[in-house]
There are 2 protein chains.
Amino acid sequence: MKPVNLKRLAEELNLSIATVSRALQDSYEVSAATKERVRALATALHYEPNAYASSLRRNQSKTIGVVIPKVTNHFFALAINGIEEAARQRGYHVLIYLTHDDYAREVAIIQHLKGGRVDGILMSVASGTEDTAHIRSLRDANIPLVFFDRVRSEIATAQVTTNDYESSYQATEHLLAAGCRHIAHLLISNNLSIGRNRLQGYRDALHAHGLPPDPDLILAGTMNNEQNVGRLQDLMQHRPDIDGIFASVERLAVSAYHVCRQLGRRIPEDVKVVGFSNLESVSLFDPPLTTITQPAHDIGREAARILLQAVEKKRAISPSQSVVLNSELVQRRSTATA
Amino acid sequence: MKPVNLKRLAEELNLSIATVSRALQDSYEVSAATKERVRALATALHYEPNAYASSLRRNQSKTIGVVIPKVTNHFFALAINGIEEAARQRGYHVLIYLTHDDYAREVAIIQHLKGGRVDGILMSVASGTEDTAHIRSLRDANIPLVFFDRVRSEIATAQVTTNDYESSYQATEHLLAAGCRHIAHLLISNNLSIGRNRLQGYRDALHAHGLPPDPDLILAGTMNNEQNVGRLQDLMQHRPDIDGIFASVERLAVSAYHVCRQLGRRIPEDVKVVGFSNLESVSLFDPPLTTITQPAHDIGREAARILLQAVEKKRAISPSQSVVLNSELVQRRSTATA
DNA sequence: CTGTTAGCGCTTTCAA
DNA sequence: TTGAAAGCGCTAACAG
């Protein structure tokens, strides 16, 4: 079967390639009659323009790249959902790249994307990333970038985040109000913006309520979850006075539940737990987990919106376009034998 | 800043474009010395080949498309993980498209992909899909396709699935062994291969144990979860004899928990529940959910492997390359005050 | 070992 | 309103 491209259409219609191209783009300089003829044949032959030829010529790919640590995390899954929605609405495609929180991978991915495969990039940085030269180099390559959730403020671009500081402050106050006096904080990583903000909210809330800071109660997680569990066990055993846990990320909240059970510490009687999470089924946990839930879908949609607007208008993105959305503290009742 | 492309490199090195191109591809017909000079400048100028020019010329995009119903579902998230891994290893990129279980979207996406944007497609069909003409048309467009999980066997291509029938049979027997005699089945959709296979496993297990089929115990879900919950409430109220629930998908298992609680039916004393699920934290449910867990990551990796092999060898894919992986019945102990 | 040349499919001046 | 022609950046004959 002969390929169906502009040349083919032009031949069959006795028109020039240029006219066919213009007709399909609904150009004003083509007669209605010709447009009709062209369109008819195009649909009859199931013509689909070659995206690469078009991209090469126009120097734009109608594609955005999404660079995230992982997709097996409800937050990122929801964010992708929002991104895909915004992209589709404007006719853009979405390439996914997973860093698995590995710095080297992140560098390789970014370097590769500078080949013009994408018109813009949405990114949530890896926890292993310290140096950000690779990200800065995107500016030279003229590829717009918008950060979401895990940002690096030293890079001058827009970022879409949530009120991590405030919601962490609020979550800590929630535990304090429930009577907790020795609240542990499970930190995702020292490296990440979100980790630092959440930690600060926790610290300031304690301070505001006259509680002294206790560095021993702050546990920094790693990428290795078994290791986290081990350290958490140590902490809980050495500090039987712990009566509250604030987990800065879902994975650690889940680990906290497991460890408490192993050690026979009852939730919520002995230890109260609050954690960041986007998992709906936490209300089936025993007992239900109180969460700070981020508007993940909106974050993705908003980030994509900002990026695509800049791409289409060929305007640079400035930090002033950043957006902060609000997370929600969700307290779930146990429905067990309600 | 002048663009850095082959022409630019050639000029600066006083070589022809062709030689530079060959040098960068490590062609045997270029002297080691020249290769060195070329590579040095290329890295110095951060040269990155234009993916679209290359794709246009070679008529291959080094990109695969993944068409799935949704990403906010741990099964698909894990599958993407596996796909991305296999793709990256071979230097391929991954485009994501979400159908949201909508037939029209699926058709539009497939049509669009015929424009040559991808070298192959991995797909899990939408529950809203009845007619599959759009999928068949991929064959004419010469785009290889591999199904995973939600397949359509009338289309002659490879598919990667799990032993849904057997694991459903086993799950049903598990409930029977636990003493259940009136087991409800929550079906994901009449339309889907996985739904039919799981239903059949359930039916045959009941039959093998001498229990008569009871169509009233089979509840077909829809995309609207509130509606599902409503129907489930009705069912449970009209049939107080129900003492077991087998949910063919995670979402329905979670709903089953909620409904049982609303109605004051204790799990597992009054009603035992088993469900397909890839969520790790089900062990924190109250009580822990017994699950059939699919090897989602492997499914994705395997599907990508089959597809990419065909793409690279330019070989057609035949149904004989299909693979069936095994799910696992996971019974979790309650760790509460263990 | 290196250069010349044609062309992938499309868009877009410029000319008619 | 239509056509001819150049060229996006790259690869791959073919020639030397």
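Look at NZ on A:Lys62: it is 17 Å from P on C:dC10, rounded to the nearest Å. What separates CD of A:Glu48 from P of C:dG9 is a distance of 15 Å, to the nearest Å.
Ranked by how close their nearest DNA chain C nucleotide is to the 5' end, B:Leu56 and B:Thr34 are led by B:Thr34.
Of all nucleotides in DNA chain D having an atom under 4.0 Å from a heavy atom of chain B, the first and last in 5' to 3' order are D:dG9 to D:dA13.
In terms of modelled atom types and a separation under 3.5 Å, the side chain of A:Thr63 and the main chain of A:Ser61 share a donor-acceptor contact.
Pairs engaging residues 116-146 of chain A under the ring pair (Phe, Tyr, Trp, His ring centres under 6.0 Å) rule: A:Tyr103-A:His134 [sequence neighbours left out]. Applying the salt bridge (Lys or Arg N to Asp or Glu O under 4.0 Å) definition to pairs two or more places apart or across chains, none involves residues 105-122 of chain B.
Exactly one residue among A:Ile110, A:Leu113, A:Val66 makes a side-chain contact (heavy atoms from CB on, under 4.5 Å) with A:Tyr97. That residue is A:Leu113.
Residue B:Asn59 is out of contact with every strand shown, counting any heavy-atom pair closer than 4.0 Å.
Heavy atoms from other residues, nucleotides or ligands lying under 6.0 Å from CZ of B:Arg39 number more than 12. Shown here is B:Arg315, whose CZ atom has more than 12 heavy atoms of other residues, nucleotides or ligands within 6.0 Å.
Every residue two or more places apart in sequence or in another chain that forms a salt bridge (Lys or Arg N to Asp or Glu O under 4.0 Å) with A:Arg136 is listed here: A:Asp131. For B:His112, the ring pair (Phe, Tyr, Trp, His ring centres under 6.0 Å) test picks out A:His93, with sequence neighbours left out.
Contacts between residues 14-32 of chain A and DNA chain C, counted as heavy-atom distances below 4.0 Å, involve A:Ile17, A:Ala18, A:Ser21, A:Arg22, A:Gln25.
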